[in-house]
Colleague: 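One structure follows; several queries about it will come next.
For reference, positions follow the sequence shown, starting with 1.
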Amino acid sequence: MILYKNGSALIDGKLVKTDIVANHGRIIAIERDVVPDEQTEVIDCTGRYVLPALIDTHTHGANGYDFNSADTEGMKKILEFYISHGVGTVFPTVMTDSDETICRQLSLIAELAKEYPEIKGIHLEGPFLSEKYCGAMPTEYLQKPSFDKFLQYQKAANGLIKIITVAPELPGAIDFIVEATTAKVNVSLGHSGADGETVFKALKAGANSFTHWGNAMAPLDRHNLNVVGAGMLSSAYCEVICDGKHVDKDVLRLLVKTKGIDKVVGITDSIMATGLADGQYTLGVNDVTVKDGDAKITGTDIRAGSTLDAYQGLANAVTFTGLPLAEAIKIWTVNPAKRIGMLDRLGTIELGKDADFIIFG
């Protein structure tokens, strides 16, 4: 057993001085003045905060490695970076690429998940996306939605694909969304120029979120909600890259005010340059130039993911929204846990949940 002693833990939305006891990765006690026995490891948290570990469900890499190209050792370097930056649950994100590359990388991640419990799912971003709003996705590998093709990917991933991003206006997309959600895969709408009517058909079919809201999607129009407006009006979750570049800080504040804090999900959308200096990198098949921490496809103004880490993303969420930490942290804990159907295990510090904490201060 492990006893976390004398910390200020975030319990029921408030910081409370308490002890926390964990056994075999689960919380078995939350109470004051626990007396350890000789077999109990004690971690002194006096003067420190104990918060739920952060959840990042959309990230392509960090620390010099990319999930679309890294081998197992490279992926371990990515995971080590996440863990050191407060991430307790990660969904490695594989982007649009050749079928061979997608399947190979999915298989590697599935094997890695056996060693790293932080990997609780995979996010497949594509290849069923709009060419017009492809962003950093290579157009030569975009495809029309096919559930049979998805099942090939899912087989390679050993069933770990829990989120897939789809453009709902593509032929067959609505039927695909029905099939995917029936198979208990979270469908997120993104890289899309769909009109509002099509978006709401997709949401009715089972889609439950919007991928990096405000980016690689048709903007709000006063005559048509499009994807951005439908995201604001709907009750679905909106992923937001909390770096202040992809979505301006005041726009994030507007989104939170419009939708409520409970429907916004923080993501990094980080790439291999995260944690490293400006310079030349790659994202999938693309060459990427990072200048002043801003990643763009080389020679263009097209953003290619971010260099954000989750700790900074949480700090930005507090600063941008003006909310207290105990409220703003939901963007990185409770909300993504709800979105992926894992709130029974993750997102808060409660009896029976995973003993997955950030300890700092």
Side-chain angles (χ1 to χ4, degrees), residues 24-26 52-127 150-165 183-186 188 211 239 267-276 281-285 305-311 313 332 336-337 339-342 345-347 354-358:
H24 298 295
R26 297 284 181 177
L54 307 183
I55 300 171
D56 193 354
T57 55
H58 189 155
T59 169
H60 297 278
N63 215 15
Y65 297 92
D66 179 341
F67 283 118
N68 268 63
S69 58
D71 60 14
T72 299
E73 291 305 309
M75 290 183 184
K76 288 180 180 181
K77 297 291 186 183
I78 302 174
L79 268 293
E80 288 164 8
F81 180 88
Y82 293 153
I83 293 166
S84 71
H85 286 75
V87 177
T89 293
V90 62
F91 278 36
T93 303
V94 175
M95 64 182 283
T96 300
D97 211 316
S98 68
D99 283 348
E100 179 184 5
T101 296
I102 289 174
C103 289
R104 182 189 69 231
Q105 298 307 108
L106 290 173
S107 180
L108 289 176
I109 294 168
E111 283 301 307
L112 189 65
K114 297 174 183 178
E115 181 178 349
Y116 284 85
E118 291 81 9
I119 299 176
K120 296 182 177 69
I122 296 172
H123 184 162
L124 182 60
E125 190 179 7
F150 170 76
L151 290 177
Q152 293 177 27
Y153 299 145
Q154 189 68 294
K155 182 178 180 181
N158 197 28
L160 264 184
I161 300 173
K162 303 297 183 183
I163 301 174
I164 184 167
T165 295
K184 304 204 181 300
V185 176
N186 294 277
S188 191
T211 295
E239 288 184 355
I267 59 167
T268 62
D269 198 14
S270 65
I271 66 170
M272 64 158 56
T274 302
L276 303 176
Y281 298 94
T282 60
L283 174 62
V285 302
S306 85
T307 59
L308 182 70
D309 68 74
Y311 267 149
W332 286 95
R339 176 204 180 186
I340 59 178
M342 294 186 179
R345 293 179 54 192
L346 311 172
D354 289 6
D356 205 357
F357 315 127
I358 305 170

Colleague: Between N63 (side chain) and K77 (backbone), is there a donor-acceptor pair under 3.5 Å?
Modeller: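 The answer is yes, because a donor-acceptor pair under 3.5 Å joins these two groups.
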Colleague: First locate atom CG of L160, then atom CD of Q154, and finally report the distance between them rounded to the nearest 0.5 Å.
Modeller: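 Answer rounded to 0.5 Å: 7.5 Å.
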Colleague: Does the T93 side chain pair with the main chain of F91, one donor and one acceptor, at a distance under 3.5 Å?
Modeller: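 Flag set: sc T93 to bb F91 pair under 3.5 Å.
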Colleague: Report yes or no: does T89 contribute a side-chain atom to a donor-acceptor pair with the main-chain N or O of E118 at less than 3.5 Å?
Modeller: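 Between the backbone of E118 and the side chain of T89 there is no qualifying donor-acceptor contact (under 3.5 Å).
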Colleague: Decide yes or no for K76 and Y116: does some side-chain heavy atom of the first lie under 4.5 Å from some side-chain heavy atom of the second?
Modeller: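 SC-SC contact between K76 and Y116 confirmed.
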Colleague: Judged by atom type as modelled, is there a donor-acceptor pair below 3.5 Å linking the side chain of D269 to the main-chain atoms of S306?
Modeller: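 No; zero donor-acceptor contacts below 3.5 Å.
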Colleague: For the CD1 atom of I163 and the CD1 atom of I340, what is their distance to the nearest 0.5 Å?
Modeller: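 One gets 6.5 Å once the value is rounded to the nearest 0.5 Å.
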Colleague: Verify, without hydrogens or angle tests, whether E125 (side chain) and T96 (backbone) share a donor-acceptor contact under 3.5 angstrom.
Modeller: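 Not a single qualifying donor-acceptor pair exists.
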Colleague: Within the structure provided, determine whether N68 and V94 are in side-chain contact (heavy-atom separation under 4.5 Å).
Modeller: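 Touching, per the 4.5 Å side-chain cut-off.
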Colleague: Counting N and O atoms only, with roles assigned by atom type, does the side chain of S270 sit under 3.5 Å from a partner on the main chain of A62, one being a donor and the other an acceptor?
Modeller: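 No: the side chain of S270 does not pair with the backbone of A62.
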Colleague: Taking the inter-plane angle between the rings of H58 and H60 on a 0 to 90° scale, is it parallel (under 30°), tilted (30 to 60°) or perpendicular (over 60°)?
Modeller: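 If you compare the ring of H58 with that of H60, the planes turn out perpendicular.
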Colleague: What I'd like to find out is whether the side chain of Y153 reaches to under 4.5 Å of the side chain of P127, using heavy atoms alone.
Modeller: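 Heavy-atom side-chain distance check passes, below 4.5 Å.
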Colleague: Backbone N or O of R104 within a donor-acceptor pair of the S107 side chain at under 3.5 Å?
Modeller: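 Flag not set: sc S107 to bb R104 has no pair under 3.5 Å.
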Colleague: To the nearest 0.5 Å, what is the distance between CG (L108) and OG1 (T72)?
Modeller: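 Going from the CG atom of L108 to the OG1 atom of T72 covers 4.5 Å.
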